[in-house]
Q: 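Right, I'll just put the structure down here and ask away after.
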Amino acid sequence: MHFTSEQRLDDGVLERGFTLGEIPGTLWTPGSAAPAPLILMAHNNGLPKAQPRLVARARQSAAYGYAVATIDAAGCGDRPRSAADEQARADLRRAMQAGEPVDEIFESFIGPLVEKAVPEWQTTLDALLALPEIGGPVGYSGWMALGIRLAVVEPRIAAAGFFAGGYVPSAQREQARQVTIPLLVLLQWDDEGNPRQRALDLFDAFGTKEKSLHANMGGHTGTPWFEVEDGNRFFGRHLK
């Protein structure tokens with residue numbers, strides 16, 4: 001892991017850019033000297049690590065006492081995109097805006113994206129846990145499809161917070177019953193991009209005995225800020 005930038009924020013949080021082979025990422029660590037538990041934070045469907053909502057959540061969680069890390073998945077953010085990926089994204093946006101069926105496009109694009117992202121997140125996790133300022137245990141926050149897969153294959157993840165869930169590839173929907181770690185799931189009741197009933201069905205399918213669903217009125221980007229604070233308290237029960 002090679003750190004490429006560093007800045008100390010007003011609240012004492014240290015923000016550092018890093019590269020790990022071809023993987024670019026960002027790490028936020030709290031101002032305290034003691035090793036901090038880690039939260040892996042992933043945005044939905046490969047949105048960039050610098051997306052403002054993700055950065056705001058990461059900084060808030062770091063100020064709360066966690067180390068927080070995010071990376072750009074292959075073909076996303078600062079990483080090169082293939083013409084096929086760009087076409088798939090365009091087709092998916094067009095179909096959703098037109099109200100057309102999107103399952104076939106979604107499966108062919110998002111399914112492989114999840115499979116490619118998981119080993120990169122595991123490689124990143126290996127490198128992060130080798131840093132003296134990070135002590136574990138590990139939580140996950142964000143993109144549900146990726147989080148389901150990681151929760152199944154990565155035993156170091158102790159708790160997870162998931163977003164939405166209306167559109168999740170069939171492979172991860174089937175794996176949901178294998179997820180046994182504590183979960184906090186956020187659902188926007190009027191999310192135009194995530195069918196509500198499908199999200200509720202997926203929540204019901206999770207195999208864990210400890211799961212909470214927080215549903216709020218509003219569209220996809222309308223999640224209330226207090227949910228970030230509730231999420232930090234959720235991780236506090238399981239990571240500290």
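Please read these numbers as outputs of a predicted model, since none were measured by experiment.
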Q: Would you call the rings of Tyr140 and Phe162 parallel, tilted or perpendicular, where under 30° means parallel and over 60° means perpendicular?
A: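 Answer is perpendicular, since the angle exceeds 60°.
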Q: Does this structure show an ion pair linking Arg16 with Glu133, if we count only N-O contacts that are shorter than 4.0 Å?
A: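 Yes, Arg16 and Glu133 are salt-bridged.
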Q: Does a side-chain heavy-atom distance below 4.5 Å link Val118 with Val153?
A: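 Of all side-chain heavy-atom pairs linking Val153 with Val118, at least one is under 4.5 Å.
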Q: Determine the minimum heavy-atom distance between Ser141 and Arg57, stating which atoms define it.
A: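 Looking at all heavy atoms of both residues, the shortest contact is OG-NH2, 3.9 Å.
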Q: Is it the case that over 12 heavy atoms from other parts of the model lie below 6.0 angstrom from the CD atom of Glu104?
A: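 Open: at most 12 neighbouring heavy atoms sit under 6.0 Å from CD of Glu104.
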Q: Measuring from Gln175:CD to Arg177:CZ, what's the distance to the nearest 0.5 Å?
A: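 One finds 13.0 Å between CD of Gln175 and CZ of Arg177.
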Q: With a 4.5 Å cut-off on side-chain heavy atoms, are Leu27 and Val68 touching?
A: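 In short, these two side chains do not touch, never coming nearer than 4.5 Å.
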Q: Evaluate the side-chain contact (heavy atoms from CB on, under 4.5 Å) criterion for residues Leu38 and Leu125: first the C-alpha distance (whole Å), next the side-chain angles of each, then the deciding distance (0.1 Å), finally the verdict.
A: CA-CA 9 Å; Leu38 173 65; Leu125 179 56; 3.6 Å; yes
Q: Taking side chain as C-beta onward, heavy atoms only, is Thr124 less than 4.5 Å from Phe18?
A: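 A side-chain contact under 4.5 Å exists here.
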Q: When clusters are formed by joining ILVMFWY residues with side-chain heavy atoms under 4.5 Å apart, either directly or through shared neighbours, do Leu131 and Trp121 land in the same one?
A: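 Shared cluster, yes.
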Q: What distance do Leu184 atom CG and Arg237 atom CZ have between them, rounded to the nearest 0.5 Å?
A: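 It comes to 8.0 Å.
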Q: For Ala67 versus Pro30, what's the shortest heavy-atom pair and its separation?
A: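 Ala67 and Pro30 have their closest heavy atoms at N-CD, 4.0 Å.
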Q: Do Met1 and Leu128 touch side chain to side chain, with heavy atoms closer than 4.5 Å?
A: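 Touching, per the 4.5 Å side-chain cut-off.
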Q: Quick one: does Gln51's side chain have a donor or acceptor within less than 3.5 Å of a partner on Arg53's backbone?
A: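 Yes; judged by distance alone, with no hydrogens or angles, the pair exists.
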Q: Is any side-chain heavy atom of Arg59 less than 4.5 Å from a side-chain heavy atom of Trp28?
A: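 Yes, side chains in contact.
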Q: What distance separates Asp191 CG from Asn216 CG, expressed to the nearest 0.5 Å?
A: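 Reported value, rounded in 0.5 Å steps: 12.0 Å.
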Q: Taking the side chain as C-beta and beyond, is there a heavy-atom pair between Asp72 and Ile23 under 4.5 Å?
A: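 SC-SC contact between Asp72 and Ile23 ruled out.
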Q: When you measure from the side chain of Glu107 to the backbone of Ser170, do you find a donor-acceptor pair of N or O atoms at a distance under 3.5 Å?
A: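 Yes; judged by distance alone, with no hydrogens or angles, the pair exists.
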Q: Determine, stepwise, if the pair Asp201 / Arg196 fulfils salt bridge (charged side-chain N to carboxylate O under 4.0 Å, His left out).
A: CA-CA 9 Å; Asp201 291 344; Arg196 182 191 308 161; over 6 Å; no
Q: Give me the one residue out of Val138, Thr70, Leu239 that meets side-chain contact (heavy atoms from CB on, under 4.5 Å) with Ile39.
A: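 Among Val138, Thr70, Leu239, the one that satisfies the side-chain contact (heavy atoms from CB on, under 4.5 Å) with Ile39 is Leu239.
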Q: Does a donor on one side chain sit under 3.5 Å from an acceptor on the other, for Asn232 and Gln60?
A: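 There is no such pair between these side chains.
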Q: Between Leu54 and Val228, is there shared hydrophobic-cluster membership here, with clusters defined by ILVMFWY side-chain heavy atoms closer than 4.5 Å?
A: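 Not linked; separate clusters.
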Q: Salt-bridged, Glu120 to Arg79, with N to O below 4.0 Å?
A: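 So Glu120 pairs with Arg79 through a salt bridge.
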Q: Any non-hydrogen side-chain atom of Glu115 less than 4.5 Å from a side-chain atom of Arg149?
A: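 With C-beta onward as the side chain, the pair touches.
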Q: Please find the pair of heavy atoms, one from Ala42 and one from Leu146, that lie closest to each other, and give the distance.
A: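 So the minimum-distance heavy-atom pair works out to CB-CD2, 3.8 Å.
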Q: Just wondering, do Pro137 and Lys240 contact through their side chains at under 4.5 Å, heavy atoms?
A: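 Counting from C-beta outward, Lys240 and Pro137 never come under 4.5 Å.
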Q: Between the main-chain N or O of Ile181 and the side-chain N or O of Lys209, is there a donor-acceptor pair closer than 3.5 Å?
A: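 No, because the side chain of Lys209 does not come within donor-acceptor range (under 3.5 Å) of the backbone of Ile181.
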Q: Between Arg233 and Asp230 (salt bridge meaning N to carboxylate O under 4.0 Å), is one present in this structure?
A: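 Salt bridge present between Arg233 and Asp230.
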Q: Asp91 and Gln87: side-chain hydrogen bond (donor to acceptor under 3.5 Å, both in side chains), yes or no, with the steps?
A: CA-CA 6 Å; Asp91 290 343; Gln87 186 60 53; 2.8 Å; yes
Q: If hydrophobic clusters are built from ILVMFWY residues whose side chains come within less than 4.5 Å, do Phe3 and Leu20 share one?
A: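 Result: yes, single cluster for both.
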Q: Would you check, one step at a time, whether the test side-chain contact (heavy atoms from CB on, under 4.5 Å) holds for Val168 with Ile110?
A: CA-CA 8 Å; Val168 169; Ile110 301 299; over 6 Å; no
Q: Going from CD on Gln188 to OG1 on Thr223, what distance comes out if it is rounded to the nearest 0.5 angstrom?
A: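 Nearest 0.5 Å value for the CD-OG1 distance: 3.5 Å.
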Q: Between atom CD of Glu22 and atom OG1 of Thr123, what is the distance when rounded to the nearest 0.5 Å?
A: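 Between Glu22 CD and Thr123 OG1, I get 11.5 Å after rounding to 0.5 Å.
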Q: Atom CD1 of Ile148 and atom CD of Glu174: how far apart are they, to the nearest 0.5 Å?
A: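 These two atoms lie 11.0 Å from each other.
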Q: Please name the pair of heavy atoms, one in Ala145 and one in Pro169, separated by the smallest distance, quoted to 0.1 Å.
A: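 That closest heavy-atom pairing would be CB-CD, 3.7 Å.
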Q: Yes or no on side-chain contact (heavy atoms from CB on, under 4.5 Å) for Leu187 and His214, after CA distance, side-chain angles and deciding distance?
A: CA-CA 6 Å; Leu187 172 65; His214 288 194; over 6 Å; no
Q: Sequence neighbours left out, what pairs pass ring pair (Phe, Tyr, Trp, His ring centres under 6.0 Å) with at least one residue falling in residues 221-240?
A: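 Every ring pair (Phe, Tyr, Trp, His ring centres under 6.0 Å) pair that includes a residue of residues 221-240, provided the two are not neighbours, is Phe234-His238.
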Q: Does Arg156 have more than 12 heavy atoms from other residues, nucleotides or ligands lying within 6.0 Å of its CZ?
A: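 More than 12 within 6.0 Å, yes.
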Q: Using the ring of each side chain (for Trp, its six-membered ring), is Tyr64 parallel, tilted or perpendicular to Tyr66, with breaks at 30° and 60°?
A: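 Aromatic pair Tyr64/Tyr66 classed parallel.
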Q: Ignoring hydrogens and angles, tell me if any N or O in the side chain of Thr208 forms a donor-acceptor pair with the backbone of Glu210 under 3.5 Å.
A: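 A pair under 3.5 Å: yes.
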Q: Tell me, with the steps shown, if Glu15 and Ser5 meet side-chain contact (heavy atoms from CB on, under 4.5 Å).
A: CA-CA 8 Å; Glu15 178 182 276; Ser5 64; over 6 Å; no
